[in-house]
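Okay, structure first, notes after.
Keep in mind that this is a model prediction, so the values were computed, not measured. Throughout, a chain's letter reflects where its sequence line sits, starting with A, and its residues are numbered from 1.
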Amino acid sequence: MKYNFNDIEKKWQDYWAKNETFKASNNSDKPKYYVLDMFPYPSGAGLHVGHPLGYIASDIYARYKRHKGFNVLHPQGYDSFGLPAEQYAIQTGQHPAVTTEANIKTYRRQLDQIGFSFDWSREVRTSNPEYYKWTQWIFIQLFESWYNYDSNKAEPIDTLIERFNVEGNTNINAACDDDINPFTAEEWNAFSDTEKQRILLKYRLTYLAETEVNWCPALGTVLANDEIVNGVSERGGHPVIRKKMTQWSMRISAYAERLLQGLDTIDWTDALKDIQKNWIGKSVGASVKFKVLSPTLSEGKGVDKVPGYMTGGNNSHLLIERAKEMRANPTDAEAALWAQLKGKKLGVKFRQQHLIGDYIVDFVCLDKKLIVEVDGKIHDYQIEADEERTVRLENDYYKVIRFKNEEVLGDIDSVLIKIEEALAQRESINSKQVLSSGKDLGWEIEVFTTRPDTIFGVSFMTLAPEHELVSQITTAEQKAEVEAYIEATAKRSERDRMADVKTISGVFTGTYAEHPFTKEPIPIWIGDYVLASYGTGAVMAVPCGDQRDYDFAKHFNIPIPNIFEGVDISEEAFASKDNVKIANSDFLNGLNYKQATKKAIEALEKIGQGEGKTNYRLRDAVFSRQRYWGEPFPVYYKDGMPQMIDEKHLPLTLPEVEKYLPTEEGEPPLGRADVWAWDTNTNSVCHSELVSESNGFYPLELNTMPGWAGSSWYFFRYMEEQSNRGEAFATEGALKYWENVDLYIGGSEHATGHLLYSRFWVKFLYDRGFVGVDEPFKKLINQGMILGTSAFVYRRLSYVKLEGYGLTRWHPIKHKPIFESYRDTLEVGVTFKDSSLEKEILDWIKQELPLLHHNKLIEIFGNDPLIIDLLNPMSNEEIIEFLNEKIEFQYQSLHADISHLKTIGEGSNIKYTDELIVEEFKNWRPEYKNAEFICSDNKFLTLREVEKMSKSKFNVVNPDEICEQYGADSLRLYEMFLGPLEQYKPWNTAGITGVHGFLKKLWKLYVPFMDGSLSEVEVEPTKDNLKTLHKTIKKVEEDIENFSFNTSVSTFMIAVNELTAQKCTSRHILEPLLVLVSPYAPHIAEELWEQLGHKASISTAPFPKFEEKYLVESSKNYPISFNGKMRFTLELPLDMSKDEIEKAVLAYDKTQEQLQGRTPKKVIVVPGKIVNIVG
RNA sequence: GCAGGAAUGGCGAAAUGGUAAACGCACUCGAUUUAGAAUCGAGAGACUGGGAGUUCGAAUCUCUCUUCCUGUACCA
């Protein structure tokens, strides 16, 4: 009787599929249990051994729960919209639906072969129109909702409109855009429909807004913050730039507080909760307004007040004469334009030939910082190029628009319209002054602080260099320095700033703010340690309580007042909030952090210069993607305003396009669709060319939804049976029965994406009464990743090093690829010189160069004029001479596919070595065909390193082979046996024979039942049999409940070893044992269960009941320790009292031997555990 | 920098404050076998990263240092 795992596994997989063994019921007397795996994306590479880890764990749990009498929902499906299929479509022209379908087939085959107990009747795919109909429906609900902070939940937008109708918006406490203007009910009712829509958009939970987004040109799409890793795209590693675009956004920030609070109600790991907490980034504190003092008020500390129109720089005294001269002699175009601009003809004041910094601009509106330039004459006195000057001016927040002489003279009307448009987009400086209550200049700086208690410790303020007030408050004296600083910091990339956090830099603006309580002047600095994007872009610096402020103050010799009682701040700031009293702080003296914070906020509120405030780091989520393969928005545009398609006309299905690329105009791929407009007459999609608002044909939205749209609610869809899915995303009964996911297993990489967004959507659906739970996943476990061992080959690259123009440049030399066998002295990314290697390269170039060498040079060095123009005029000899000593080298490491490595052993013991099979590697890529391989000892070695298992790293191990060789049960057991579920572990098949051997041994225990060698008489279990069984039941049950699957595999091994030694043939032992094993190794369990004579599947057989009585012992082999060290053991009855044990132990020979006549000081007796003798 | 986690044989790992190293791989020897594989049996091997403390007793609790991993990035 051999254990034919392949046949057995096939047999039971077919049986389960045919009998729908794991189909969940929506009507059951059993308690419910919902086990879910994180939604897989069906990639073209199929499953590798890392993927099933979590699936096996959840499957064990699901099967265990069935044995425990639960009605288990354990579904699976596919997050089938996504980038890879689209990238593939762009490359090959294959429709993403086709490749996705093929990928799903592979996935399904592989999943089936591992024997998962999924209820496939409930499968969902996000790319199915019957599914995304409801994704679109949820989007519409979000659009039709606003967030009311008073009731603290989302409400239908109609309730907001009603309130606008009767009271305007001044009393509304809503999550909304920042730029809301107050209006009364009368004003609201007078607004046009379009205007009303525009305003409502600022309140809706999903809204259109111009946002700065992470644009990835290579992928042609926008990426979310969490899709960017180290400044490049997570998928593909392409560069990402900031770009302004009109996008759909989700007002997730409205839910920041509830997303944070909700974490306390769910059973997730602390690590995961911490990640979400950090991402939400709540800080409680106060917003404080500091009045900006005019320099004259600062009593000699500032400089004389400069009139607002004097915007010239330090050279004004020289330039002003030229400006006057130019005003007197305008060109025709300038004169014509000036006639139209002067005297506030456009509603704003323009000045002509005006000094801005060191420039003279043609026309400027200072209030709106708009400069109008008329080109066409030579500015002989002006050396800088116009472009550079524009950049400098725009750094100062001026907007520069240019016109040509001909434009002004030929069509002055359109020039004026353009100027008016530009003016309309500019904010007025004066309008800000109206809002403020500053004493003199009328400006205020608002800051956010988490430490309002330290307000008396403020000795300066720091603004981000990008802060809008900087250019306005900077005094003439400081102007040059401030401008230089802004320019310098603008050049520093984000990465530079990050890498270099130690350098302290900043500049004084020359202006002072007024302390709200002491009225002392506080110098205002700018510094790039303050981020424009967080809070208000300004901080009140408290150097004694904040290390960065402290460092800044030390560096620039700014006073550091100490406001903490009895704290030494001579070396560093005191940043703790605990155990300290405030001092030198007027009315806050003697208070602790909490009391002082409260009192300071009260005082600020009293004088109207601040209030308690909570800040969140969480930003609204961009929801648009410029992609084809995603859910279309159910949106068309009327008067530029988005309109929702009525839900009864959903789904709005994805149209066909001939190509999956953006259009020539840069529109998303849907812009290519011929049939992509909305006909409001028939409520259906119509030909794009028909668009005409008067006839009711409107353009449809061209963006599609991001990947997280479909995955934010799929767990509800599983609750509904296929047949009822038409009427709702899930019926009320189904939602009520299944509630939410009891156990969710997946990787921690989804911590800030999927897991946060789904919580947001669920809370929203809950608010609007569509679901009855406000958290999707009650318990969540992160499985660790299985790592692969990659192989790296080292490629030697050659460069020409040229110096000049103050820069060093390395020009790559394009010779055939050269690979070197790995040795530990090879370093990646470091350039070095080597004369013999250089000679080789020079010889090669010499040989390559023909007499007319221009084209060849381009072939070798690339078409870069910096080097080609340099070398081309030289003769061949001169070129070689010139290049001498200028060649440098560098190593680059590349992934080789591990299948190109030599193997040792065969069959089950096959192992990859470090050695590369050069011929296979050469044939892998056409560009390696002629590559040179430098071996050592006739071997070409790779560097093996453990990293994430991934197709792109060519280190994947496919589970198919394991299944074929050892069977799915062995794979399942082995993956669990590798170690704790959450741990990261490299894949190594070395131990798989161990678990496979265990299964064979298990099988052997049952052979007597199969080969007829067992007599018909039932064998009664022995005491030992029962002890082994019940010990195992207890341990396995505990282990599964604790998700400690590795230890239960050991427990099975121990049980089988013991039962084999006991020669157990009792059905009363072997039957329950199968049920214990069944969640882990279901195929063998089913087969043996059947062999024991059962007709029904083992899957719902009751889990054996643990009975303590079989483990009860009458005696215990007590470890006897002396001073905590165990010396020997002594068998004593368990019913002995403490005193009796002590007596018995002390009377024992060995005890006396150990004591050697000493009297023990103390004897510790823990009955049933241990005896410890001290002395 | 901050937050979280980890460190036990050659390897993966186990151990409610109570006999440290279970279980598996690899290794050695023996049996069976023409040989190998498979199977069976036997065996060798780590005193828990370093230091201190609490305790009758510490892998486990506290402090500290070292190394590694993960997350996050000047968050006011």
Side-chain angles (χ1 to χ4, degrees), chain A residues 2 269-279 281-283 285 288 447-451 454 461-462 464 494 497-502 504 527-531 533-542 545-549 551-552 575 615-617 748-749 751-752 782 784-785 906-909 973-974 977-980 982-986 988-998 1000-1001 1004 1038 1044 1046-1055 1057 1060 1116-1130 1160-1166 1168-1175:
Chain A
K2 227 189 126 198
T269 58
D270 286 339
L272 197 57
K273 286 186 184 181
D274 282 346
I275 295 172
Q276 289 213 343
K277 272 182 204 159
N278 292 338
W279 196 260
K282 179 181 183 176
S283 23
V288 185
V447 301
F448 174 75
T449 175
T450 54
R451 296 296 301 274
T454 62
M461 300 189 74
T462 316
E494 283 287 317
R497 278 207 200 181
M498 258 192 265
D500 177 29
V501 291
K502 292 223 167 65
I504 298 159
D528 71 355
Y529 79 97
V530 176
L531 302 178
S533 59
Y534 183 75
T536 59
V539 300
M540 59 176 227
V542 183
D546 182 285
Q547 194 57 44
R548 285 162 320 191
D549 295 343
D551 296 340
F552 195 87
N615 243 14
Y616 297 91
R617 201 181 70 119
S748 59
E749 67 271 21
T752 50
N782 286 130
M785 213 183 281
E906 47 186 290
S908 59
N909 272 326
L973 279 173
Y974 185 60
F977 187 65
L978 273 174
E982 329 72 66
Q983 224 158 79
Y984 281 57
K985 48 224 157 195
N988 173 5
T989 51
I992 200 162
T993 52
V995 291
H996 188 65
F998 155 74
K1000 288 201 262 190
K1001 228 166 163 179
K1004 256 193 193 163
E1038 277 170 11
S1044 172
N1046 54 328
T1047 49
S1048 37
V1049 179
S1050 307
T1051 306
F1052 290 136
M1053 290 174 173
I1054 295 167
N1057 286 346
T1060 305
K1116 158 87 188 172
N1117 198 18
Y1118 278 96
I1120 313 297
S1121 359
F1122 293 81
N1123 297 321
K1125 297 272 171 285
M1126 202 276 286
R1127 297 300 174 200
F1128 55 85
T1129 58
L1130 176 62
K1161 284 191 195 124
K1162 204 173 171 187
V1163 180
I1164 313 282
V1165 178
V1166 185
K1169 292 262 187 209
I1170 198 168
V1171 177
N1172 190 17
I1173 297 164
V1174 188

- Message: If you compare every side-chain N and O of K1000(A) against the phosphate oxygens of A38(B) (OP1, OP2), does one of them come in below 4.0 Å?
- Response: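 So the side chain of K1000(A) is outside the cut-off, no N or O lying under 4.0 Å from OP1 or OP2 of A38(B).
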
- So, for M540(A) and R451(A), which heavy atoms are closest and what is the spacing to 0.1 Å?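 Residues M540(A) and R451(A), closest heavy atoms: CE-O, 3.9 Å.
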
- Task: Between V539(A) and S1050(A), name the one whose nearest nucleotide on RNA chain B is closer to the 5' end.
- Result: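 Comparing both residues, the 5'-ward one is S1050(A).
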
- Task: Find which nucleotide of RNA chain B each of N1117(A) and I1173(A) is nearest to by heavy atoms, and output the residue with the more 5' nucleotide.
- Result: N1117(A)

Over all strands shown, is [X] touching base, sugar-phosphate only, or nothing at heavy-atom distances under 4.0 angstrom?
{"X": "N615(A)", "answer": "nothing"}
{"X": "P986(A)", "answer": "nothing"}
{"X": "N1172(A)", "answer": "base"}
{"X": "Q983(A)", "answer": "sugar-phosphate"}
{"X": "T1047(A)", "answer": "sugar-phosphate"}
{"X": "K277(A)", "answer": "nothing"}
{"X": "V1174(A)", "answer": "sugar-phosphate"}
{"X": "D549(A)", "answer": "nothing"}

Work out how far the [atom1] atom of [N] is from that of [M], and round it to whole angstrom.
{"N": "U64(B)", "M": "G5(B)", "atom1": "P", "answer": "15 Å"}
{"N": "A22(B)", "M": "C61(B)", "atom1": "C1'", "answer": "24 Å"}
{"N": "C68(B)", "M": "G49(B)", "atom1": "C1'", "answer": "11 Å"}
{"N": "G57(B)", "M": "G45(B)", "atom1": "P", "answer": "30 Å"}
{"N": "U60(B)", "M": "G53(B)", "atom1": "P", "answer": "14 Å"}
{"N": "G4(B)", "M": "U8(B)", "atom1": "P", "answer": "22 Å"}
{"N": "G18(B)", "M": "A13(B)", "atom1": "C1'", "answer": "22 Å"}
{"N": "A44(B)", "M": "C27(B)", "atom1": "C1'", "answer": "9 Å"}

Tell me the interatomic distance from [X], atom [atom1], to [N], atom [atom2], rounded to whole angstroms.
{"X": "I275(A)", "N": "C75(B)", "atom1": "CD1", "atom2": "P", "answer": "19 Å"}
{"X": "L973(A)", "N": "A13(B)", "atom1": "CG", "atom2": "P", "answer": "17 Å"}
{"X": "D274(A)", "N": "G5(B)", "atom1": "CG", "atom2": "C1'", "answer": "11 Å"}
{"X": "R1127(A)", "N": "G57(B)", "atom1": "CZ", "atom2": "C1'", "answer": "13 Å"}

- Message: Check the orientation of F998(A) and F1052(A). Use parallel for under 30°, tilted for 30 to 60°, and perpendicular for over 60°.
- Response: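 Parallel.
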
- Item | Heavy-atom side-chain contact between F977(A) and I992(A) under 4.5 Å | no

